[in-house]
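Everything below concerns the one structure shown next.
These figures come from a predicted structure and were not determined experimentally.
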Amino acid sequence: MSYLDYPVLKQKISLLPDRPGSYQMKDGNGAIIYVGKAKSLLKRVKQYFTRPQVGKVARMVAEIRDFDIIETNSEKESLLLEISLIHKYYPKYNIMLMDDRMYPYIALKKKDDPYLKIARSDKEKGYYYFGPFPNSSQAYKMIDLLNKIYPLRKCQTIPNKPCLYYHMGQCLAPCIKKVDEEEYQKIVEEITRFFNGDNESLISSLRAKMKEYASKLEFERANEYKELIQAVENITSAQKIIFPDHVSRDVVGYSIREGYICVVFLLYRKGVLLGKNTYVEELEDDIDDMLENLILQFYEKHTDHPKELIVPSESITSVLGEALDFDVISPTRGKKRDMMAMALENAKQMLDQHFQTARLEDDVLSLLEQLKEKLSLKKTPLDIELYDNSHTQGYEPVGAMVKYINGEKAPELYRKYKITQPNPQDDLASMREVLTRRFNRLKEGKEKMPDLILLDGGFTQCQIGLEVKEETGVDIPLAGLAKNDKHETDTLINADTGEEIPLEKNSPLFFLLMRMQDEIHRYAITYHRGKRAKAVYKTIYDDIKGIGEKRKQKLLDLYPTMESLEGVSSEELLQLVPADAAQAILDKREQYDKEKAEIEAHHKAIAKEKEAEKQHE
């Protein structure tokens with residue numbers, strides 16, 4: 001049903017003001033199910049009902065029967081009001097950052113026989129604070145390591161007699177003697193240098209002691225110092241000074257895929273990267289609104305604020321800069337821009353990881369039963385094969401097949417194919433070659449017939465699969481995965497019947513199919529990379545101004561082929577490259593899509609001619 005069928009909605013939409021504010025969507029029972037903010041309430045609210053929606057937004061719009069608005073004087077006020085109302089009503093369609101735990105610090109007592117401890121805030125006087133640490137276990141490991149190296153007191157309440165630490169040489173024993181303040185001060189300075197990333201003097205000191213004990217043939221003690229050196233190197237491998245100015249700053253990056261967004265916060269304190277926070281959510285309409293909402297919630301939950309926040313979009317710096325108590329910037333060059341690229345890389349990796357690990361606890365066999373029902377198969381598809389091609393502008397084209405047995409990967413049964421057909425840019429011809437070779441081998445009985453063939457190219461690849469089935473006489477159920485106009489996989493195709501079956505983005509079956517889809521992409525690209533690494537080759541980024549070797553390598557790591565650029569927005573690319581270069585990449589992708597569409601049209605014309613000939617016969 002349309003909003004036009006609900007008089008209240010129709011009337012309220014016609015009265016919307018062109019002003020900033022917050023809006024509250026309500027269901028049929030009057031419960032608030034979503035709170036948002038807008039620069040223009042008129043444009044923002046109206047578009048929910050006048051544009052086609054997908055995923056979470058579509059589900060929400062289907063429930064809306066009424067809404068309220070609150071006008072504000074500025075976008076900053078509307079953002080703060082939005083967060084306040086979310087925390088008041090907890091609407092079911094809003095993103096909620098429920099993790100309100102405090103990050104731990106390592107606290108070093110300044111005087112009175114210093115000691116180390118874990119602290120949940122940096123407010124108590126009389127301590128030096130290091131951190132915060134997003135990972136509690138890392139903070140505990142550091143304390144354990146420092147306590148082994150430095151003979152600080154281990155007891156927060158001093159006992160009447162020395163403990164085991166004194167006899168192990170790990171405590172100066174203030175319980176039985178007065179320790180010189182200068183000796184403590186020296187230790188405090190060394191620990192401070194350690195947390196600032198200067199570990200050379202510490203490692204040199206440990207090496208000297210290791211050699212000293214080795215020369216005395218006390219190999220057990222020498223080995224203890226060797227293990228300490230390794231522990232220091234391991235635990236501080238990420239503790240490198242990235243920003244020599246020692247300013248505390250955070251970097252936000254994001255990546256989008258299949259209707260989901262991953263937002264990453266990289267946390268730098270005093271120039272050192274201490275860790276990251278990651279959030280994966282279903283994508284809403286406006287990415288800027290999502291980022292503003294997430295970022296503001298994040299700093300409401302975590303009281304340790306940086307001096308500077310680096311964000312991936314210039315358009316959100318103004319409102320966030322007004323709402324937060326620190327600087328918000330979106331750099332266009334230099335080391336800070338490189339940190340944005342690093343945040344994007346982390347976001348992309350974590351989003352891929354999300355698709356690979358989400359819903360792993362689901363009963364896979366029951367999901368395969370669901371797949372059987374959806375595709376009207378005669379038997380449960382316990383043996384599934386997926387196919388894909390990969391090339392760089394026609395260079396070193398390859399094909400690949402992965403196999404899943406009982407819903408689990410079977411790498412020993414994967415297959416690689418070197419494409420020999422004359423037009424390597426013709427993906428459909430390449431798929432025809434791969435399927436023909438595979439089906440002929442299956443027909444000869446050299447390998448077991450699978451229960452289902454799953455193709456990733458939508459209707460055109462399904463048509464090629466059907467033609468190869470007919471030509472080879474191999475009867476295997478065939479299905480495909482199709483994408484919508486936003487390049488999101490949302491449809492399962494029964495190639496044998498032509499039926500289109502919608503896929504719910506939050507369903508267990510969707511995540512199982514995405515894991516399979518990811519695996520065939522990964523395997524094909526890995527094979528292609530291995531082939532092209534053996535020779536000089538042209539990349540898709542070679543002739544784009546503003547992309548040097550460093551940026552090119554980063555792009556090749558994240559988007560190695562034209563296919564991997566499918567659905568990538570200019571905003572996402574702007575985290576990596578300047579605006580002109582981002583547009584040039586998208587122009588190349590558009591040209592590739594145009595050429596691909598022409599090739600597909602050619603194949604469709606041939607198929608139509610064949611069908612006409614059959615009917616004539």
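Between Leu454 and Leu492 the shortest side-chain heavy-atom distance falls below 4.5 Å. The shortest side-chain heavy-atom distance between Met340 and Pro331 falls under the 4.5 Å cut-off. Within the 4.5 Å cutoff, side-chain heavy atoms of Val35 are placed close to those of Ser22. Met25 has its side chain out of reach of Tyr93: every pair of non-hydrogen atoms, C-beta onward, lies at least 4.5 Å apart. Using a 4.5 Å heavy-atom threshold, the side chains of Lys348 and Arg257 count as separate. Taking 4.5 Å as the limit, every side-chain heavy atom of Leu565 sits out of range of all side-chain heavy atoms of Leu586. In this structure the side chain of Asp593 reaches within 4.5 angstrom of the side chain of Arg589, judged on heavy atoms. Using a 4.5 Å cut-off on side-chain heavy atoms (C-beta onward), Ile310 and Leu266 make no contact.
At a threshold of 4.0 Å, the pair Asp250-Arg269 counts as salt-bridged, since one of the basic side-chain nitrogens sits closer than that to a carboxylate oxygen. Under a 4.0 Å N-O distance rule, the pair Arg249/Asp327 does not qualify as a salt bridge. Checked for salt-bridge contact, Asp352 and Arg522 miss the test: no charged N lies under 4.0 Å from a carboxylate O. In summary, Lys56 and Glu284 engage in a salt bridge, as defined by a charged side-chain N under 4.0 Å from a carboxylate O.
Side-chain atoms of Arg337 come within 3.5 Å of backbone N or O of Val577 as a donor-acceptor pair. Judged purely by atom type and a 3.5 angstrom limit, Lys276 has no side-chain atom pairing as donor or acceptor with the backbone of Val264. No side-chain donor-acceptor contact under 3.5 Å links Arg19 to the backbone of Leu41. Side chain of Asp496 to backbone of Pro477: no donor-acceptor contact under 3.5 angstrom is found. Side-chain atoms of Thr489 do not come within 3.5 Å of backbone N or O of Lys483 as any donor-acceptor pair. Asn346 places a side-chain N or O within donor-acceptor distance of the main-chain N or O of Met342, the cut-off being under 3.5 Å.
Note: Ser569 OG to Ile287 CD1 = 5.5 Å, rounded to the nearest 0.5 Å. Between the CD atom of Gln461 and the CG atom of Leu478 there is a distance of 10.0 Å, given to the nearest 0.5 Å. Interatomic distance, Phe511 CZ to Gln356 CD, rounded to the nearest 0.5 Å: 11.5 Å. Between the OG1 atom in Thr497 and the CG atom in Leu375 there is a gap of 8.0 Å [rounded to 0.5 Å]. For the atom pair CD1 of Ile261 and CD of Glu282, the computed distance is 12.0 Å after rounding to the nearest 0.5 Å. Atoms OG1 and CE, from Thr278 and Met350 in turn, are 4.0 Å apart once rounded to the nearest 0.5 Å.
Aromatic ring pairs are classed by plane angle as parallel below 30°, tilted from 30° to 60° and perpendicular above 60°; the pair Tyr260 and His354 is tilted. Using the six-membered ring where Trp is involved, Phe265 and Tyr299 have ring planes that are perpendicular, over 60° apart on the 30 and 60° scheme.
Around the NZ atom of Lys117, the shell of radius 6.0 Å holds more than 12 heavy atoms that belong to other residues, nucleotides or ligands. Counting non-hydrogen atoms of neighbouring residues, nucleotides and ligands closer than 6.0 angstrom, the NZ atom of Lys374 reaches no more than 12 such neighbours. Residue Asn406 qualifies as enclosed at atom CG: its count of foreign heavy atoms under 6.0 Å is above 12.
Scanning all heavy atoms of the two residues, the minimum distance from Val311 to Ser330 falls at O-OG, 3.1 Å. Across Leu351 and Ser255, no two heavy atoms sit closer than the pair CD2-O, 3.5 Å. Between Leu9 and Arg65, the shortest heavy-atom contact is CG-O, 3.7 Å. The two residues Gly253 and Gln575 come nearest to each other via the heavy atoms CA-OE1, 3.3 Å. Across all their heavy atoms, Leu452 and Pro381 have their closest contact at CB-CB, 3.9 Å. The minimum heavy-atom distance linking Leu386 with Ile384 is given by the pair CD1-CG2, 4.0 Å.
Sequence neighbours left out, the pairs with a member in residues 22-32 that pass salt bridge (Lys or Arg N to Asp or Glu O under 4.0 Å) are Lys26-Asp68. For residues 9-28, every residue pair satisfying the ring-ring contact (aromatic ring centres under 6.0 Å, His included) rule, not counting sequence neighbours, is listed here: Tyr23-Tyr48.
For the 3.5 Å distance criterion, the side chains of His521 and Asp456 qualify, holding a donor opposite an acceptor. One side chain, Glu563 or Tyr592, offers a donor N or O that lies under 3.5 Å from an acceptor on the other. Side-chain polar atoms of Glu281 and Tyr279 form no donor-acceptor pair below 3.5 angstrom. Judged purely by distance below 3.5 Å, without hydrogens or angles, the side chains of Gln297 and Asn293 pair a donor atom with an acceptor atom. No side-chain donor from either of Tyr89 and Gln24 sits under 3.5 Å from a side-chain acceptor of the other.
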List the steps, then state whether salt bridge (charged side-chain N to carboxylate O under 4.0 Å, His left out) holds for Lys403 with Asp383.
-> CA-CA 7 Å; Lys403 186 182 278 282; Asp383 184 330; 2.8 Å; yes
Show the numbers, then the answer: is there a ring pair (Phe, Tyr, Trp, His ring centres under 6.0 Å) between Phe130 and Tyr105?
-> CA-CA 6 Å; Phe130 306 100; Tyr105 293 82; 9.7 Å; no
Go through Leu267 and His302 one step at a time and tell me if the side chain to side chain contact (heavy atoms under 4.5 Å, CB included) criterion holds.
-> CA-CA 12 Å; Leu267 311 181; His302 302 106; over 6 Å; no
Please report the C-alpha distance between His305 and Leu324 in whole Å, then the side-chain angles of each, then the deciding distance to 0.1 Å, and finally whether the side chain to side chain contact (heavy atoms under 4.5 Å, CB included) criterion is met.
-> CA-CA 9 Å; His305 291 178; Leu324 297 169; 5.5 Å; no
When you look at Lys39 and Asp286, which way does the salt bridge (charged side-chain N to carboxylate O under 4.0 Å, His left out) test go after all the steps?
-> CA-CA 12 Å; Lys39 296 177 187 177; Asp286 193 296; over 6 Å; no
Verdict with reasoning, Tyr559 to Leu576, per side chain to side chain contact (heavy atoms under 4.5 Å, CB included) | CA-CA 11 Å; Tyr559 312 108; Leu576 276 174; 3.9 Å; yes
Start with the C-alpha distance between Leu503 and Leu481, add both sets of side-chain angles, then the distance that settles side chain to side chain contact (heavy atoms under 4.5 Å, CB included), and finish with yes or no.
-> CA-CA 10 Å; Leu503 286 172; Leu481 292 168; 4.1 Å; yes
Going through the checks in order, is the side-chain hydrogen bond (donor to acceptor under 3.5 Å, both in side chains) test met by Asp587 and Gln591?
-> CA-CA 6 Å; Asp587 289 345; Gln591 181 61 31; over 6 Å; no
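A cation-pi arrangement is absent between Lys409 and Tyr523, since the terminal nitrogen or guanidinium carbon is not both under 6.0 Å from the aromatic centre and inside a 45° cone about the axis.
Of the residues Glu77, Glu82, Glu292, the one that meets the side-chain hydrogen bond (donor to acceptor under 3.5 Å, both in side chains) test with Lys37 is Glu292.
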